[in-house]
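The analysis underlying the following values was restricted to heavy atoms, covering all of them including side chains, and did not include hydrogens, waters or symmetry mates. Labels below follow one simple rule: chain letters A, B, ... track the order of the sequence lines, proteins then strands, and each chain is numbered from 1.
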Amino acid sequence: MSSTQTLLKTLLQNPSSITSKSQAKQLHAQIIKTKPTTNSASLLSIILSIYTNLNLYHESLILFNTLHSPPTLAWKSIIRFYTFNGLFIKSLAAFVEMRASGKYPDHNVFPSVLKSCTHLMDLRFGESVHGYITHLGMDFDLYTGNALMNMYSKLQSLDKHGGCGNIAAEVLDKSPNSRKTDKCGSSFVDFDKLNGNDMHNESSCSNSYELIDKFEKHVDDGDPIGCSKNMSYTLARNNTHRVVFDHLHGKNDMVMRNGQKGALHADSIRKVFEMMPNRDLVSWNTVIAGNAQNGMYGEALEMVREMGNANLQPDSFTLSSVLPIFAAKVDVVKGKEIHGYAIRHGFDTNVYIGSSLIDMYANCTRVEDSCRLFNLLPHRDSVSWNSIIAGCVQNGLFDEGLKLFRRMLLAKVKPSPVSFSSIMPAFAHLTTLHLGKQLHGYIIRGGFDDNMFIASSLVDMYAKCGNIKIARWIFNSMEQHDMVSCTAMIMGCALHGHAHEAITFFEKMETEGVKPNSVAYVAVLTACSHAKLVNEAWQYFNSMIHDYGIAPCLEHYAAVADLLGRAGRLEEAYEFISGMHVRPLGSVWSTLLAACRVHKNIELAEKVAEKIFTADPDNMGAFVVLSNTYSAAGRWKDAAKLRTTMRNNGVRKKPACSWIEVKNKVHAFVAGDESHPYFDRINEVLKVLLELMEREGYVPDTNEVFHDVEEEQKRDLLCSHSERLAIAFGIITTPAGMTIRVTKNLQRIVDCHVATKFISKIVGREIIVRDNSRFHHFSDGKCSCGDYW
DNA sequence: ATAGGGTTAG
C-alpha cells in the first residue's frame, strides 16, 4: 500500500525517470489494481505519456483506447506518437477529435500536427491550423514557428500543381470515430511486410521472371487486366493507409520536386521568420533548406552568411542543405570548401553530409572522389548507397553501378524506389533486358511501379532493350505523364523508327500542357531524322526557338544535319553545319560523312573527312567510313591507300560483334566465330538459308568488305558475319513464330541488311536488329527503317 | 521542430 503510493508519487513528480518498458507496465498494473477513484484518467495519461515516450506501440494504443474521455495530456501524447510513427492521418484525426471534445491544445501539440500536414502535403489543413495557432497567439512559440516554416517551405507551389488538396479533411470527415475502429496496429505490420520484398533471396528470382512473363503475355494479348497495376494493387493498395504508404515511397515526391521555381509561400515563410521573437539554429536551417530546395540558391547562401552575423555556426544540417546547391551549380571549388569545413568540424563522417558530398562530386564528374568518400564512410545507409550508385550510373560507369547495387543487397540494405530508378538506366544502356526484367519484377511486387521516376526509367529501359510494345504499354498505363516520361517514350519511338507515333506523342504532350524542353526536342528531331521528315523537323526546330525560347544546342543541330544528310540534301547539310551557332564537333560531321557514304558522294565525303580530321584528330572512325565510301563507289585504289594510312597510324577497326539473348543468357558472335558449341548446326542452317536466299534473288554484295581476300572467300566471310550467326542461332533455339532479337555493336554493312531482309521472309519471323544507333524491325522481307541506316 | 539520394539526351 505504502509502496504503491510512493511509486505513484514518484511517477507524478518525475515521469521521465521511468526508462524501461517493465517499469512502465508495472506502474500501469499498480494503477489498475488500486483503482483510484479520483484522478484515474490523469494518472493513466501519465502512463500513456511514458508509453509513447518509450514508443511502445501496442501498449500506447491499447491504453489510449481504454480512455473514454482523454485528458489533454493523453491527446498530446497520442498525437505526438502518431506523428512520430508516420500515422499522419491518425494524428490529425486525433487533433480534430481533441478539439471536438472541448480540450485545448497547447504549444507542444502544434509541431506534431504541422508535421503531419507537411507529410500529407495538405496545405489547406495546415493553413487552417496556422490560423488557429495565430488565434491562440502561439505563433511566437519557437518550435511551432519552426514547424510552420518547414511546412510552407515543403509545400511550396503545391497549389500550382493541384497538390493533394484535402486528404486529411476528407479522411477526417469520414471517420469521426477513427479511434474506436483503430487498425493502426495491423497496418503497421502490413507495411513492414510490404517493405520486406526480399531482394536477398536468390530463389525469388524465378518468381520475378514468371511475373514478368505473365506481364508480357498480357501486353501481347492487349489485355492489361491482371497486369502490373492489379498485381501491385493486391499487394499495396490493400493498405488502409495508402496515402501514408505513397508518401513514404516517394510517390508524392513529384509534386514537391516539381515546385522548383515558384516562390509561392516564400512570403509566408519570411513572415513567420521575421515575426519570431527567438530564432535558433533550427529556424535558420529550416529557412535555408527551404530556399535551397526551391531553387533560390542565392537567398540560401545569403542566409548562411547572415546566420554567422547572428553568431550561429553552420552545423551538419546547414551543410547538407548547402551542398546540393553546389552540386546543382557544378561548382566543385565551393563544394570542396564545404568539404573542408565539414572535415574541420568533424561532420565528414556524418551520413547525410557523406551522401551529399558523394552526390556533389559525382555531379561535377569527379566520381573517383565520390567512390573514395563512399569507401571512407564509417556508416552507410540506404541513401549513401543510392548516391554512389546513381553517381556511377550517371557518369557512365554502368558495371561499377551494378557491382555496387549487388554489394548493397549483400550488405542487407533494402533497395528503395530511388535505388530502382538509379540503377535502371544502367540496364537500358547495357541493353541487358534480362536484368531489367528481373528488376521490374521486384518493382511490381514491391508496389513501386506507379512511381513516376521508376515508370519513366522502365519505359526507357524496355525501349532501349528492344521491347517497344511493353514500353508503350507501361507509358499508357501511367496515371500522369511528365516531360521526362514523354521524352523517354518519344525517344523510344524514334529509336524503333516509329516517327509518326513519336510525333503523335510529342503533340499529345503539348496538348496535355506538358512543356517540352531541350531534351524533348532532341527526341522529336531524332524521330523526324529517322523517317526523313524534313518539313516537320524544320517546323519543330523553329517552334523550339520561337515558341519556347529554347536555344538550339549541338544535339539539335546534329539531328537536323543528320536528317538533311539522310534525305540526300548533302550540300544543304554541309551549309547548315558550317553555319551553326555552336562549334560543330567531329560527331556532327561524322553523321554527314555517313550520309555521303550512303549517297556515294565522294567529293563531299573528302571535304567532310577533312573537317573531321581538323576538328577531332583522334576520331579514327572517319578513316573507316571514308574507306568504305571509296569501296562502295568502286574506288578500290583510294580505299586501299587509305587503309595503308590507317595501318601506319595504328588504327584498328573495332571487331564487329552481334549478340542474342536466349533464355536469359547472352550469346555473342564475331564474324567467322567457330567456337560456339552450336557452331555445326548454325553452319548447316546458314548453308540451307543461303541456298533459299539465292533462289529468292539474293546476290552477295561484296563491295564493302575485305578487299584483300579472294572473291570466293569474300562470299564465305559475308555468309558468316556476326549478325547472321546470331540470327541463325536464334532460329535454332527459339520456337517458330517468336521474334528474334539481335544486337550489334557497330553500324552494319549493306549486305548484312539485305540478307536479314531475305531471312525474315524465308523463315517467316520478325527479326529485330539493334545496331549502334537504332532498331530495325524486319518482317516479310522488309525493314522498318526504309533501308537507310 | 531542421538535413542527404532518383527518371529522358548519337
Side-chain angles (χ1 to χ4, degrees), chain A residues 83 107-108 110-112 114-115 118 141-151 153-154 250 253-254 257 280-290 292-293 315-324 327 347 350-360 362 381-391 393-394 416-425 428 451-461 463-464 482-492 494-495 516-523 525-526 529 553-556 558-559 562 585 587-588 590-591 594 772-774:
Chain A
T83 303
H107 62 92
N108 290 323
F110 291 116
S112 296
L114 291 169
K115 185 178 176 176
T118 308
D141 175 61
L142 178 63
Y143 284 26
T144 305
N146 288 345
L148 272 172
M149 292 192 298
N150 185 48
M151 179 183 78
S153 79
K154 291 276 159 45
D253 274 12
M254 282 313 299
R257 280 173 175 275
D280 66 352
L281 196 51
V282 176
S283 325
W284 286 90
N285 283 342
T286 306
V287 183
I288 291 167
Q293 283 158 4
D315 69 349
S316 64
F317 285 80
T318 326
L319 299 194
S320 59
S321 298
V322 166
L323 274 169
F347 295 142
N350 173 314
V351 258
Y352 289 87
I353 305 289
S355 37
S356 300
L357 282 169
I358 289 169
D359 184 58
M360 187 273 295
D381 67 1
S382 161
V383 177
S384 341
W385 283 101
N386 291 340
S387 307
I388 192 67
I389 291 169
V393 173
Q394 285 161 357
S416 72
V418 179
S419 322
F420 297 126
S421 51
S422 302
I423 196 67
M424 194 62 80
N451 173 307
M452 285 280 254
F453 289 83
I454 292 177
S456 305
S457 72
L458 278 170
V459 168
D460 182 58
M461 187 275 292
K464 287 220 176 76
D482 66 349
M483 198 260 312
V484 175
S485 53
C486 290
T487 304
M489 192 65 238
I490 293 164
M491 201 64 210
L495 210 58
N517 72 349
S518 175
V519 184
Y521 273 103
V522 173
L525 288 173
T526 305
S529 148
C553 56
L554 197 74
E555 284 82 2
H556 305 104
D562 184 54
L585 284 180
S587 60
V588 181
S590 298
T591 57
N772 58 341
S773 67
R774 53 171 299 185

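- Residue contacts for A:Ala558: at a heavy-atom cut-off of 4.0 Å it reaches no nucleic acid atom on any strand shown.
- Side-chain N/O atoms of A:Ser457 and A:Asp460 include no donor and acceptor closer than 3.5 Å.
- No engagement by A:Ser587 is indicated, since no non-hydrogen atom pair under 4.0 Å with the nucleic acid exists.
- Base engagement by A:Asn350 is indicated by at least one non-hydrogen atom pair under 4.0 Å involving a base atom.
- Counting distance only, with no hydrogens placed and no angle test, the side-chain atoms of A:Asn451 and the base atoms of B:dG6 include a donor-acceptor pair under 3.5 Å.
- The nucleotide whose nearest atom lies closest to any side-chain atom of A:Val484 is, among B:dA3, B:dT2, B:dT8, B:dT8.
- Under the stacking criterion of a centre-to-centre distance below 5.5 angstrom and an interplanar angle below 30°, A:Phe317 sits stacked against the six-membered ring of B:dT2.
- Here A:Ile454 lies in heavy-atom contact (under 4.0 Å) with a base.
- Straight-line distance from the CZ atom of A:Phe453 to the P atom of B:dT8: 11 Å, rounded to whole Å.
- Of all nucleotides listed (B:dA3, B:dA9, B:dA1), B:dA1 comes nearest to the side chain of A:Asn146.
- Note on A:Thr318: nothing from the nucleic acid sits closer than 4.0 angstrom, heavy atoms only.
- For A:Ala463, the side chain to side chain contact (heavy atoms under 4.5 Å, CB included) partners are A:Ile468, A:Ala471, not counting sequence neighbours.
- In this structure, of B:dT8, B:dA3, B:dA9, it is B:dT8 that holds the atom nearest to the side chain of A:Thr487.
- Put simply, the side chain of A:Ser529 never gets that close to the backbone of A:Leu525: no donor and acceptor are under 3.5 Å apart.
- For A:Asp381 and B:dG4, a side-chain-to-base donor-acceptor distance below 3.5 Å is present, hydrogens and geometry of angles not being considered.
- Among residues two or more places apart in sequence or in another chain, the side chain to side chain donor-acceptor pair (under 3.5 Å) test is passed with A:Thr526 by none.
- Nearest to the side-chain atoms of A:Val418 among the listed nucleotides B:dG6, B:dT8, B:dT2 stands B:dG6.
- Among B:dT8, B:dT7, B:dG4, the nucleotide with an atom closest to any side-chain atom of A:Val519 is B:dT8.
- Residue A:Ser421 is in base contact, counting any heavy-atom pair closer than 4.0 Å across all strands shown.
- Looking at A:Ser355, its side chain comes within 3.5 Å of the base of B:dG4 through a donor and an acceptor atom.
- Put simply, the side chain of A:Thr286 and the base of B:dT2 share no donor and acceptor less than 3.5 Å apart.
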